[in-house]
Amino acid sequence: MSELLYTDKLSVGYGEKTVVRDIALAAKPGQVLCLIGPNGAGKSTLLKTLMGALSPTGGAVYLDGRELRAYHERELARVSSAVLTTRPEPELMTAAEVVAVGRYPYTGRLGIPTEEDRRIVRETMVKVGVSQLADADFSLLSDGQRQRVLLARALCQQPRLLILDEPTSFLDIHHKLDFLQLIRELVGGGGLAVIMSMHELELAQRFADTLLCIRDGRVDRVGSPEEVFSGSYIEQLYDIENGSYDALAGTAEAPRVEGKLRVFVIGGGGSGIPLYRKLRRLGIPFAAGVLPENDLDLPTARALAAVVITDRANETVSAEKVNEALKVLKTCEHVVCTTGFGSVNLENRRLLDCAKAHNMLVSADEFK
């Protein structure tokens, strides 16, 4: 797949100040390239340079085989368009009129749209799902509606490259998912390349084809989501010390509460996760087990529990591990059981029996 945009020893910044140097990236039609990294790392600066709003402090950007600075404004607008974080506030304009602004590269000096331009505006609004808003006052639209209208405006330029700066920042989770699914559908035809920055790591992990990680004035890593979201790399990228990030689940957790154990949680299969987080919020040190190494509870338990007793994956919980857990359980004040018992975790029933025998068993609702 040929590269629509690529850089050569690119450095970006403002004036004589370089923010990120020696950038090598490539955007291909049919794919989403996502920039991630800490606040202030230079993601927006890089995007503005890729769209021609800022001049490089070094190196060059090439778009469709030509250096970016060789393009005239209208010529560039027919190849590349952008939706930035700063949202315009046009007065007394309908959504359709805002979308129609995207036709400016084609309307000539007088800016008068042709019937062909109006047809493209209508079809683009249908594609983006905002045709019903055509006559609505843009200033009165919700954030989700505005973002889709602005996307329609950018697409009306009929670009081959679409640049998005934190496109989901102002959206609720419903509209985040809708917007990103729409982006995936747009690139699915293979003719459009997308470069965007994101702070929502779990969404970048799920919707991007390639991730470019920026840290400490340089590109720290480039790879697929599977390559980038592995091991402890995300914690290193963002210098996470006060808490943890589980790359597999795509979840961040607060730091665990240390101290004398008060609660033992018999969980498993995801059943213990809400209680783990509740106890953490309440500042209650707790233990959890016995959890197989592939149990859904385990990543959260490891992040939040002061003590976790585990056993081998794909095996029945062993009597030996339950005996280990019993020693920990007996040091606690209370026991909560969030799970049932089957063939794999049947030995864990001994933990429940011990809790009942010692009058330690309580409901999760006891903790408020």
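Counting heavy-atom neighbours within 6.0 Å of L248 CG, excluding the residue itself, gives a total of 12 or less. The environment of CG in L92 is sparse: at most 12 heavy-atom neighbours from other residues, nucleotides or ligands sit within 6.0 Å. Environment of CD in E115: crowded, with over 12 heavy atoms of neighbouring residues, nucleotides or ligands closer than 6.0 Å. The environment of R312 atom CZ is sparse: at most 12 non-hydrogen atoms of other residues, nucleotides or ligands sit within 6.0 angstrom. Residue-environment remark: CZ (R218) exceeds the threshold of 12 foreign heavy atoms within 6.0 Å.
To the nearest 0.5 Å, atom CG of residue L84 and atom CG of residue L47 are 8.0 Å apart. Atom-to-atom distance recorded for L171:CG and E200:CD is 8.5 Å, nearest 0.5 angstrom. A distance of 5.5 Å separates CG of L212 from CD1 of I214, quoted to the nearest 0.5 Å. Rounded to the nearest 0.5 angstrom, C156 SG and Y104 OH are separated by 12.5 Å. To the nearest 0.5 angstrom, K17 atom NZ is 9.0 Å from T45 atom OG1. The distance from the CG atom of L10 to the CG atom of L46 is 6.5 Å, given to the nearest 0.5 Å.
Judged purely by distance below 3.5 Å, without hydrogens or angles, the side chains of Q236 and S232 pair a donor atom with an acceptor atom. Looking only at atom types and distance, the side chain of S318 has no donor-acceptor partner in the side chain of E320 under 3.5 Å away. Side-chain polar atoms of T57 and T18 form a donor-acceptor pair below 3.5 angstrom.
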Return a table of donor-acceptor pairs under 3.5 angstrom between the side chains of residues 351-362 and protein atoms on other chains or two or more places apart.
from, atom 1, to, atom 2, distance (Å)
H358, ND1, C354, O, 3.0

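Ion pair R119/E123 flagged as a salt bridge, since at least one NZ, NE, NH1 or NH2 atom sits closer than 4.0 Å to an Asp/Glu carboxylate oxygen.
Put simply, the side chain of R215 reaches to within 4.5 Å of the side chain of D239, judged on heavy atoms. Inter-residue side-chain proximity for V79 and L63 is flagged as met; some heavy-atom pair is nearer than 4.5 Å. For the pair L201 and I36, the minimum side-chain heavy-atom distance is below 4.5 Å. Here the side chains of T94 and E97 are in contact, with some heavy-atom distance below 4.5 Å. Here the side chains of L279 and V265 are in contact, with some heavy-atom distance below 4.5 Å. By the 4.5 Å heavy-atom criterion applied to side chains, P113 and R103 are not counted as neighbours. For the pair L261 and V263, the minimum side-chain heavy-atom distance is 4.5 Å or more. Contact of the T316 side chain with the L346 side chain is not registered, since no non-hydrogen atoms from C-beta on lie closer than 4.5 Å.
Here the side chain of S11 pairs no donor or acceptor atom with the backbone of G58 at under 3.5 angstrom. Here the side chain of S80 pairs no donor or acceptor atom with the backbone of L76 at under 3.5 angstrom. Between the side chain of E366 and the backbone N or O of S363, no donor-acceptor pair lies under 3.5 Å. At least one donor-acceptor pair under 3.5 Å links the side chain of Q157 to the backbone N or O of A77. Between the side chain of R78 and the main chain of P105, a donor-acceptor pair closer than 3.5 Å is present.
Each of V32, I195, L180, I183 was scored for a side chain to side chain contact (heavy atoms under 4.5 Å, CB included) with L164, with one residue passing: I183. Here the options are L50, V219, V222, the test is side chain to side chain contact (heavy atoms under 4.5 Å, CB included), and the partner is L25; only L50 passes. Checked against F264 for a side chain to side chain contact (heavy atoms under 4.5 Å, CB included), the options V336, L329, T331 give a single hit: L329.
Identified under the ring pair (Phe, Tyr, Trp, His ring centres under 6.0 Å) test for residues 2-38, with sequence neighbours left out: Y6-Y62. Applying the side-chain hydrogen bond (donor to acceptor under 3.5 Å, both in side chains) definition to pairs two or more places apart or across chains, those involving residues 129-140 are D137-S139. Sequence neighbours left out, the pairs with a member in residues 332-343 that pass side-chain hydrogen bond (donor to acceptor under 3.5 Å, both in side chains) are S271-T338. Sorted by first and then second residue, the pairs that involve residues 278-301 and meet side-chain hydrogen bond (donor to acceptor under 3.5 Å, both in side chains), not counting sequence neighbours, are Y276-D297, E293-R302, E293-T310, N294-N314. Listed by first and then second residue, the ring pair (Phe, Tyr, Trp, His ring centres under 6.0 Å) pairs involving residues 203-260 amount to none (not counting sequence neighbours). Pairs passing the ring pair (Phe, Tyr, Trp, His ring centres under 6.0 Å) check and including a residue from residues 183-206, sequence neighbours excluded, do not occur.
Take K48 and apply the salt bridge (Lys or Arg N to Asp or Glu O under 4.0 Å) test, not counting sequence neighbours, and it matches no residue. Applying the side chain to side chain donor-acceptor pair (under 3.5 Å) rule to E75 yields the partners R66; only residues at least two apart in sequence or on another chain are considered. In this view, R350 and N323, E347 satisfy the side chain to side chain donor-acceptor pair (under 3.5 Å) rule, not counting sequence neighbours. By the side chain to side chain donor-acceptor pair (under 3.5 Å) test, T210 is found to be paired with no residue, residues two or more places apart in sequence or in another chain being considered.
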Hey, mind stepping through L151 and F179 against side chain to side chain contact (heavy atoms under 4.5 Å, CB included) and telling me if it holds? CA-CA 9 Å; L151 176 61; F179 187 90; 3.8 Å; yes
Assess the residue pair D143 and R148 against the criterion (salt bridge (charged side-chain N to carboxylate O under 4.0 Å, His left out)); give the C-alpha distance rounded to whole Å, side-chain angles, the decisive distance to 0.1 Å, and a yes or no. CA-CA 9 Å; D143 285 335; R148 280 184 172 250; over 6 Å; no
Run the side chain to side chain contact (heavy atoms under 4.5 Å, CB included) check on I309 and V328 step by step: do they pass? CA-CA 9 Å; I309 299 93; V328 176; 4.1 Å; yes
Yes or no on side chain to side chain contact (heavy atoms under 4.5 Å, CB included) for L155 and V128, after CA distance, side-chain angles and deciding distance? CA-CA 9 Å; L155 293 175; V128 178; 3.8 Å; yes
Audit row: V130, T124, side chain to side chain contact (heavy atoms under 4.5 Å, CB included) steps and yes/no: CA-CA 9 Å; V130 292; T124 304; over 6 Å; no
Intermediate values then yes/no, salt bridge (charged side-chain N to carboxylate O under 4.0 Å, His left out), K43 and E166: CA-CA 10 Å; K43 299 183 295 295; E166 298 177 27; 5.6 Å; no
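Under a 4.5 Å side-chain heavy-atom cut-off, the cluster of Ile, Leu, Val, Met, Phe, Trp and Tyr residues that includes V126 has no other member.
Note on V344: it does not cluster hydrophobically with V322, by side-chain heavy-atom contacts below 4.5 Å among ILVMFWY residues.
Taking the centre and axis of the six-membered ring of F138, the NZ or CZ atom of R146 falls inside the cone set by 45° and 6.0 Å.
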